[in-house]
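Notes follow once the structure below has been shown.
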Amino acid sequence: MTAAPAEAVGIDVGATKIAAVRVAADGAVSARARRATPRRTAEELVAAVAGLVALVGGERVTAVGVGLPGMVDSRTGALAFAPGLDFARAPLRELIADAVGLPVVTDNDANVAAWAEYRLGAGRGHDHLVLVTLGTGLGCGVVAGGRLLHGGHGFAAEASHLTVDPGGPWCECGNRGCWGVAASGAAIARLGRQAATDLPGSPLARLVDARGRVGEGRPDAGAAVTEAARRGDHRALDILGRIGTLTGVGLAALANLFDPAVVIVGGGPVAAGDLLLAPARAEFARRLYAPGDRPPVPVLAARFADEAGAIGAALLALDLAG
């Protein structure tokens with residue numbers, strides 16, 4: 001009698017919520033659950049993760065993968081640094097494994113999202129790729145030779161702190177114009193709120209109030225920029241064009257460093273489609289070194305949306321367990 005195929009639980013720990021899925025090797029999701037992220041102690045986080053594993057797990061689950069929002073030590077699985085969370089340096093891989101009684105893999109959240117795209121998404125069939133996710137911040141994962149690039153300590157691919165706009169806004173790291181503040185989803189929202197304040201009668205201002213709060217029945221500020229741009233609002237179009245251009249600057253830097261076969265862009269702003277990606281591709285092509293002497297490097301939208309981290313964590317756990 002053939003044994004049933006193994007499954008894994010994938011956990012994506014975000015700044016505000018934890019998402020959990022049960023995933024088969026082909027990427028099929030059979031169960032989902034979410035809860036708020038505890039922010040004070042490692043014990044609270046471990047209990048929350050264990051509760052989600054119990055909720056979505058099943059008898060075929062053989063491993064658990066966890067994507068964490070910060071710098072994850074590749075040797076120990078510990079969270080070395082995580083902005084806004086108070087339990088850095090806790091041995092989370094060991095603690096979670098003890099709590100759930102299964103093998104556990106921990107990695108950076110952008111790394112596991114990159115693994116999802118590599119295995120079953122826009123990067124399928126390519127052993128060398130770069131994924132950049134635009135969200136509240138900016139995440140990056142690199143697959144090189146069919147393996148995640150971790151660096152000497154597990155901290156590789158922190159592309160959020162590449163400088164793409166030297167005169168741009170200040171970053172929490174102390175520098176100006178870091179990619180994560182200059183061209184993330186949060187940057188689109190920030191510029192959208194400012195435009196709504198400057199031009200109160202514009203289509204954009206009718207979607208985002210002058211104080212930057214979400215009005216009744218209105219989308220959040222970032223989504224409002226996309227909606228206004230689709231309606232022809234020139235300021236909104238300019239915002240997406242600027243963010244797209246700065247995104248292309250960073251993507252070209254990564255392509256020049258890592259020589260990927262494909263570059264993938266994920267995160268909520270990708271819903272804008274070519275309003276964002278066309279200027280990104282144009283700037284990428286302008287800045288890519290020796291473009292006429294190398295194979296084309298496509299810049300693609302990610303296949304997976306907000307479940308990329310959880311699905312990728314589960315697939316990584318299955319792959320490493322196998």
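When all heavy atoms are compared, the tightest approach of V13 to P69 is O-CD, 3.1 Å. Residues A224 and L207 approach most closely at O-CD1, 3.6 Å, considering heavy atoms. A pairwise comparison of heavy atoms in G57 and R22 identifies O-NH1, 3.4 Å as the closest pair. The shortest heavy-atom contact between L315 and A25 is CD2-O, 3.8 Å. Minimum heavy-atom separation, G177 to A182: O-CB, 4.2 Å. Minimum interatomic distance between I188 and P269 (heavy atoms only, all atoms of both residues): CD1-CB, 3.6 Å.
Residue-environment remark: CZ (R294) exceeds the threshold of 12 foreign heavy atoms within 6.0 Å. Remark: R230 CZ is packed, more than 12 non-hydrogen atoms of other residues, nucleotides or ligands lying under 6.0 Å away. No more than 12 heavy atoms of other residues, nucleotides or ligands lie within 6.0 Å of CD in E172, so this atom counts as exposed by the packing criterion.
With a 4.5 Å cut-off on side-chain heavy atoms, L129 and V142 do not count as touching. Taking 4.5 Å as the limit, some side-chain heavy atom of V132 sits within range of a side-chain heavy atom of L138. Counting heavy atoms from C-beta on, the side chains of T62 and E7 never come closer than 4.5 Å. The shortest distance between side-chain heavy atoms of L191 and I243 falls below 4.5 Å. Using a 4.5 Å heavy-atom cutoff, the side chains of V249 and R287 are in contact. L92 is listed as a side-chain neighbour of L45, based on a closest heavy-atom distance under 4.5 Å. Inter-residue side-chain proximity for C173 and C178 is flagged as met; some heavy-atom pair is nearer than 4.5 Å. Counting only heavy atoms from C-beta outward, the side chains of D165 and R242 approach each other to under 4.5 Å.
At a threshold of 4.0 Å, the pair D127-R147 does not count as salt-bridged, since none of the basic side-chain nitrogens sits closer than that to a carboxylate oxygen. A salt bridge between K17 and D12 is absent, with no side-chain N of the basic residue lying under 4.0 Å from a carboxylate O of the acidic one.
A side-chain donor-acceptor contact under 3.5 Å links R190 to the backbone of V181. For R93 (side chain) and T76 (main-chain N/O), a donor-acceptor pair under 3.5 Å exists by modelled atom type. A donor-acceptor contact shorter than 3.5 Å links the side chain of H128 to the backbone of G145. In terms of modelled atom types and a separation under 3.5 Å, the side chain of E117 and the main chain of R303 share a donor-acceptor contact. The closest donor-acceptor contact from the side chain of T106 to the backbone of V66 lies at 3.5 Å or more, if one exists at all. Between the T163 side chain and the P166 main chain, no donor and acceptor come within less than 3.5 Å of each other.
Ring geometry, H153 versus F155: the interplanar angle falls under 30°, so the pair is classed parallel (tilted spans 30 to 60°).
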Trace of the side chain to side chain contact (heavy atoms under 4.5 Å, CB included) decision for L251 with W179: CA-CA 10 Å; L251 295 179; W179 197 359; 3.9 Å; yes
Residues E158, N108; criterion side chain to side chain contact (heavy atoms under 4.5 Å, CB included); working and verdict: CA-CA 10 Å; E158 283 293 337; N108 171 266; 4.2 Å; yes
Residue pair D107, H150: steps toward the side chain to side chain donor-acceptor pair (under 3.5 Å) verdict: CA-CA 9 Å; D107 211 323; H150 287 113; 2.7 Å; yes
Test side chain to side chain contact (heavy atoms under 4.5 Å, CB included) applied to L102 and V61, step by step: CA-CA 9 Å; L102 291 167; V61 170; 3.8 Å; yes
Pair D233-E227, side chain to side chain contact (heavy atoms under 4.5 Å, CB included): steps then yes or no: CA-CA 9 Å; D233 182 275; E227 184 173 340; over 6 Å; no
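The hydrophobic cluster containing Y289 does not contain F258, counting ILVMFWY residues as joined when their side-chain heavy atoms lie under 4.5 angstrom apart, directly or transitively. A chain of hydrophobic side-chain contacts below 4.5 Å, direct or via other Ile, Leu, Val, Met, Phe, Trp or Tyr residues, connects L237 to L240.
Looking at W115 and D319, their side chains do bring a donor and an acceptor atom within 3.5 Å of each other.
With rounding to the nearest 0.5 Å, the separation of CG in L316 from CG in N111 is 9.0 Å. Rounding to the nearest 0.5 angstrom, the gap separating the CG atom in N256 from the CZ atom in F284 is 7.5 Å. Remark: I264 CD1 to T133 OG1 distance equals 11.5 Å, nearest 0.5 Å. Atom CG of residue L55 and atom CZ of residue R32 lie 13.5 Å apart, to the nearest 0.5 angstrom. Between atom CG of residue L277 and atom CG of residue L300 there is a gap of 9.0 Å, rounded to the nearest 0.5 Å.
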